[in-house]
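Written below as structure tokens is the structure these notes are about.
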Amino acid sequence: MAEQQRIVINGGRRLEGEIAVQGAKNSALPLLAACVLCGGESALHNCPRLSDCDAACRILECLGCKCKREQTTVTVNASVIKGTEVPTSLMREMRSSIVFLGPVLTRCRSCRLSFPGGCELGPRPIDFHLAALREMGADIEEKHGYLECTAPKGLHGARIALSFSSVGATENIMLAAALARGVTEIHNAAREPEIVDLADFINKCGGRVSGAGGSTVAIEGVESLSPCEHRIMPDRIAAATYLCCCGAAGGELILTDVNSGDLRPITAVLEQMGCSVYSYGKKREENNIFINLHRPLISPGTIRTNVHPGFPTDAQPPLMALTTIASGTTVFVENIFENRFKHASELTRLGAKISVEGKVAVVTGVKSLSGAELVATDLRGGAALITAGLAAEGTSKISGICHVDRGYESIEKVLRSVGADIRRI
Ligand code: EPZ
């Protein structure tokens with residue numbers, strides 16, 4: 001059913017109103033995996049209603065955990081882990097399922113999962129994950145597309161230097177190290193805010209993680225972890241997407257329940273483009289952002305994606321959609337994924353002028369876009385098509401909406417609530 005769903009947008013309507021931003025998908029997934037470490041029932045609040053979170057809960061249930069969702073609270077009872085195999089179907093459905101390897105292995109001393117499928121962004125290997133776990137004492141055999149992982153004597157601490165600040169590898173190592181014997185140090189660790197959220201959760205459960213958010217994270221393994229309650233951080237990429245939607249359609253938006261600090265790389269670019277953006281909130285908590293656009297958009301120049309605190313690769317597609325109608329030429333350099341410009345060819349169907357050469361895309365701003373039939377092939381690329389559709393004159397029909405539903409909770413309802421003419425059919 002979800003495969004055939006499409007979104008229809010009649011563009012050109014200004015946005016006006018307030019959006020409460022959903023919980024972060026890219027924090028919810030490692031946190032759901034982290035529940036495997038705790039013997040008992042943990043509760044994750046502000047957990048977004050997304051197909052990726054549903055898939056993660058199905059994996060937990062395959063392992064013998066009990067999951068329950070009430071609104072945006074998901075409780076996970078991991079008192080007993082009955083199985084240590086993640087089924088191929090679920091590994092294929094969601095590449096980031098690899099983050100279950102660390103926690104299952106460190107708690108159960110064995111784990112069997114199939115190689116996560118490549119994805120629309122390029123091969124996305126897991127070599128950093130496997131190399132690190134081997135350094136911690138895991139025996140990992142790759143055969144017939146399966147990973148047979150064992151650690152008969154449990155995992156032990158290690159000093160791990162990542163050649164690239166991989167988010168998933170950093171998370172997997174933190175989860176494996178939480179119950180390993182001794183101290184693990186991760187050098188050149190990912191510094192994304194989701195890493196800090198995960199460290200907070202592990203520490204609330206009785207773990208000992210320090211340095212999260214910096215380049216060196218130390219994890220002192222403990223005997224066991226007990227369950228806890230945790231509120232998932234706001235989704236900075238969903239927030240960035242809605243800011244780009246407002247820039248594209250014009251108007252003014254207030255986003256509530258955001259961490260403005262996490263959004264600085266994006267809000268700085270939007271201000272360069274002519275948007276007025278400011279954050280405010282009670283005391284030091286800058287948890288609201290106001291954006292409005294009352295002058296023509298201008299190009300921000302060159303955008304290079306990078307690991308945090310650089311410009312996030314996940315915000316590149318929606319920002320590209322916005323730059324298609326900004327005067328001037330914008331150069332995007334995609335330094336994180338090999339193949340993350342697939343949305344460019346779809347945007348040109350709306351009249352955008354984009355030329356792609358390897359990891360560089362050059363966008364020449366046009367006066368206006370006009371509606372067309374579009375196909376989403378990945379999550380953030382789909383968000384880019386919706387962003388551009390809001391600006392395009394006339395009707396745009398976007399298929400492949402199942403990709404968008406992986407990361408955005410009811411995106412059409414959210415945008416309709418602030419004045420967009422958008423519906424799902
Ligand atoms: C996480 O993916 C996010 N996903 C991605 O968001 C995000 O784009 C990415 O981090 C970068 O910020 C989740 O958190 C679930 P990486 P992850 O490991 O962990 C290469 C979205 O749209 N690499 O930092 O897979 C890899 O090929 C998604 O919400 C290796 O070579 O990202 C890629 O080029 C998309 N070997 C680069 O590193 C490895 O062992 C970044 O990967 C691991 C990664």
Side-chain angles (χ1 to χ4, degrees), residues 22-34 48 50-53 55-56 59 91 93-102 115-135 140 142 147 160-176 186 188-198 232-233 235-241 262 265-266 305-319 334-343 359 376-384 403-409 411:
Q22 69 186 53
K25 163 181 89 80
N26 290 349
S27 188
L29 297 178
L31 285 170
L32 285 163
L50 303 168
S51 49
D52 268 11
C53 293
I59 290 175
M91 283 303 293
E93 184 178 335
M94 185 174 68
R95 189 203 158 276
S96 45
S97 315
I98 188 68
V99 80
F100 280 86
L101 175 54
F115 247 82
C119 80
E120 56 286 336
L121 305 181
R124 293 182 74 187
I126 54 171
D127 48 331
F128 305 150
H129 299 246
L130 304 186
L133 291 171
R134 285 179 170 126
E135 282 181 64
I140 300 177
E142 304 165 32
L147 294 168
I160 293 158
L162 289 175
S163 56
F164 173 80
S165 307
S166 156
V167 172
T170 302
E171 290 164 347
N172 232 336
I173 298 163
M174 285 166 69
L175 292 166
I186 310 172
N188 194 26
R191 298 171 51 193
E192 273 69 6
E194 291 75 16
I195 301 293
V196 178
D197 213 22
L198 181 60
I232 296 172
M233 63 177 269
D235 193 317
R236 59 196 172 99
I237 305 300
T241 305
D262 295 344
I266 293 104
T305 64
N306 211 326
V307 295
H308 194 76
F311 189 88
T313 174
D314 293 347
Q316 174 261 105
L319 181 71
E334 176 51 63
N335 293 310
I336 305 294
F337 287 107
E338 266 119 57
N339 181 13
R340 196 171 205 171
F341 287 138
K342 281 190 166 166
H343 45 284
K359 69 178 200 171
T377 51
D378 68 275
L379 164 55
R380 306 299 175 188
H403 294 289
V404 179
D405 291 337
R406 288 187 49 201
Y408 294 91
E409 197 176 306
I411 191 165

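Atoms within a ligand are numbered from 1 in the order they appear, just like the ligands themselves.
- Residues lining ligand 1 at a heavy-atom distance below 4.0 Å are given as Lys25, Asn26, Leu29, Arg95, Ser96, Leu121, Arg124, Pro125, Ile126, Asp127, Phe128, His129, Phe164, Ser166, Val167, Gly168, Thr313, Asp314, Ile336, Phe337, Arg340, Leu379, Arg380, ordered by chain and residue number.
- A donor atom on one side chain and an acceptor atom on the other are found under 3.5 Å apart for His343 and Gln316.
- Neither side chain, Arg191 nor Ser165, offers a donor N or O lying under 3.5 Å from an acceptor on the other.
- Between Arg340 and the choices Asp314, Thr305, Asn335, Asp378, the side chain to side chain donor-acceptor pair (under 3.5 Å) rule is met once, by Asp314.
- Asp52 and Arg95 are not joined by a salt bridge, as no carboxylate oxygen comes within less than 4.0 angstrom of a charged side-chain nitrogen.
- Between atom CD of residue Glu194 and atom CD1 of residue Ile237 there is a gap of 7.0 Å, rounded to the nearest 0.5 Å.
- Taking the charged nitrogens against the carboxylate oxygens, Glu334 and Arg380 have no contact shorter than 4.0 Å, which rules out a salt bridge.
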